[in-house]
Amino acid sequence: MLKKYNICVWRNHDHIHAGILIDDKRIDGIFYGLSKMLGWNDYWVDPETSFPQAYVVPEMSVADMAELLIQKFRLNGVRFIGNPNCKIKKVYVPMHILGHASDNDAIKKINDENINCLITLEMVDFTVCEYMRDAGMLGEDRCIFALGHFNTEEIGMEFYAEYLQEHVIKTLPVRFLQSGDAYTYISKPQR
């Protein structure tokens, strides 16, 4: 298809992470794009810090957050950990949660800043995951939506296509093509 239609594919994902100019500030464009596409730029706790991100959003239920994430990211579903009755107000998009000693810092941040919800890239099934699961089982307003690295960052790449068209490549069409949800969900059969 590339040869047939004379298409050029420019894969420059790391470039946007290194920073693009937004309001005369160099900012990680993937996570700025994530915030913009979710409609959360006005809820950003510290816009000077492009990543990790914290937001104070209008209170919403787990079902409402799941619907928002599935719709905005065009996913087949979401993996959820925690209290299904959580009232989500403070959302955090952390760095990778890989079971390192730094996960203790993440748990401390969750407690110190009363973070209700994490939207994660990679996440191992212990440390922060176990903490949030246990807290949810105790009825605390704690939950995680584990979207996966590619699903989480792809929305930022969609923003980047718009950014490039407007700021850099004005004479050539720039199109975003979603590679699609990295996951397929198989539900337990109803019997």
| field | side-chain contact (heavy atoms from CB on, under 4.5 Å) between Ile115 and Lys109, worked out | value | CA-CA 8 Å; Ile115 294 169; Lys109 182 177 184 68; 4.0 Å; yes

| message | Run Tyr131 and Asn111 through side-chain contact (heavy atoms from CB on, under 4.5 Å) and show every step you take. | response | CA-CA 11 Å; Tyr131 173 78; Asn111 283 320; 2.4 Å; yes

| request: Could you walk me through whether Ile110 and Leu118 pass side-chain contact (heavy atoms from CB on, under 4.5 Å), step by step? | output: CA-CA 9 Å; Ile110 289 164; Leu118 302 180; 4.0 Å; yes

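Considering every non-hydrogen atom in both Ser35 and Gln53, the closest pair reads CB-NE2, 4.0 Å. For the residue pair Cys117 and Ile88, the shortest heavy atom distance occurs at CB-CG2, 3.7 Å. The two residues Ile144 and Met123 make their nearest non-hydrogen contact at CD1-SD, 3.6 Å. When all heavy atoms of Pro94 and Pro52 are compared, the closest pair comes out as CA-CB, 3.9 Å. When all heavy atoms of Val62 and Asn83 are compared, the closest pair comes out as CG2-O, 3.5 Å. The nearest pair of heavy atoms linking Ala106 to Val128 is CB-CG2, 4.0 Å.
The backbone N or O of Lys87 sits less than 3.5 Å from a side-chain atom of Asp141, completing a donor-acceptor pair. Side-chain N or O atoms of Arg133 include none that pairs as donor or acceptor with a backbone N or O of Gly82 at under 3.5 Å. Distance alone, capped at 3.5 Å, is enough to place a donor-acceptor pair between the Gln178 side chain and the Phe73 backbone. Side chain of Tyr43 to main chain of Val56: no donor-acceptor pair is present (N/O by atom type, distance under 3.5 Å, no hydrogens or angles). Asn151 contributes a side-chain N or O that, together with a main-chain N or O of Leu147, makes up a donor-acceptor pair within less than 3.5 Å. No side-chain donor-acceptor contact under 3.5 Å links Glu59 to the backbone of Lys89.
Within a 6.0 Å radius of CZ in Phe80, more than 12 heavy atoms belonging to other residues, nucleotides or ligands are found. For Glu67, the CD atom sits in a loose shell: 12 or fewer heavy atoms of surrounding residues, nucleotides or ligands are nearer than 6.0 Å. Other residues, nucleotides and ligands place more than 12 heavy atoms under 6.0 Å from the CZ atom of Phe176. Surrounding CD1 of Ile186 are at most 12 heavy atoms belonging to other residues, nucleotides or ligands under 6.0 Å away.
Ile155 is connected to Tyr55 through a chain of hydrophobic side-chain contacts under 4.5 Å among Ile, Leu, Val, Met, Phe, Trp and Tyr, so both are in one cluster. Linking ILVMFWY residues whenever their side-chain heavy atoms come closer than 4.5 Å, directly or via other members, leaves Met65 and Tyr92 in distinct clusters. No continuous path of hydrophobic side-chain contacts links Ile81 to Val78 [ILVMFWY only; heavy atoms under 4.5 Å]. At a threshold of 4.5 Å between side-chain heavy atoms, the hydrophobic network of Ile, Leu, Val, Met, Phe, Trp and Tyr places Leu68 and Ile70 in one connected group. Linking ILVMFWY residues whenever their side-chain heavy atoms come closer than 4.5 Å, directly or via other members, places Met157 and Phe31 in the same cluster.
Side-chain N/O atoms of Glu154 and Ser179 include a donor and acceptor closer than 3.5 Å.
Between Tyr163 and His167, the angle of the ring planes stays under 30°, which puts this pair in the parallel group of the 30/60° scheme. Between Tyr32 and Trp44, the ring-plane angle classifies as tilted under the 30° and 60° cut-offs.
A heavy-atom distance below 4.5 Å is found between the side chains of Ile22 and Ile20. Put simply, the side chain of Asp103 does not reach to within 4.5 Å of the side chain of Phe126, judged on heavy atoms. Side-chain contact between Thr152 and Thr120: absent, with no pair of heavy atoms (C-beta onward) separated by less than 4.5 Å. Between Tyr185 and Leu75 the shortest side-chain heavy-atom distance does not fall below 4.5 Å.
Summarising the geometry, atom CH2 belonging to Trp40 is positioned 10.5 Å from atom NZ belonging to Lys72; distances are rounded to the nearest 0.5 Å. Taking OG1 from Thr127 and CG from Leu98, the interatomic distance works out to 8.5 Å, rounded to the nearest 0.5 Å. From Phe159, atom CZ reaches atom CE of Met37 across 8.5 Å, with rounding to the nearest 0.5 Å. Rounding to the nearest 0.5 Å places CG of Leu172 at 10.5 Å from CZ of Arg175. Here the straight-line distance linking atom OG of Ser102 with atom NZ of Lys108 works out to 14.5 Å at 0.5 Å rounding.
For the pair Arg79 and Tyr183, the distance from NZ or CZ to the six-membered ring centre is under 6.0 Å and the angle to the ring normal is within 45 degrees.
Evaluated for a side chain to side chain contact (heavy atoms under 4.5 Å, CB included) with Val57, the options Asp42, Leu38, Val91 yield exactly one hit, Val91. Of the options Glu140, Lys90, Arg142, a side chain to side chain contact (heavy atoms under 4.5 Å, CB included) to Asn114 is made by Arg142 and by none of the others.
A salt bridge links Glu158 with Arg74: the distance from a Lys NZ or Arg NE/NH1/NH2 to an Asp or Glu carboxylate oxygen falls below 4.0 Å.
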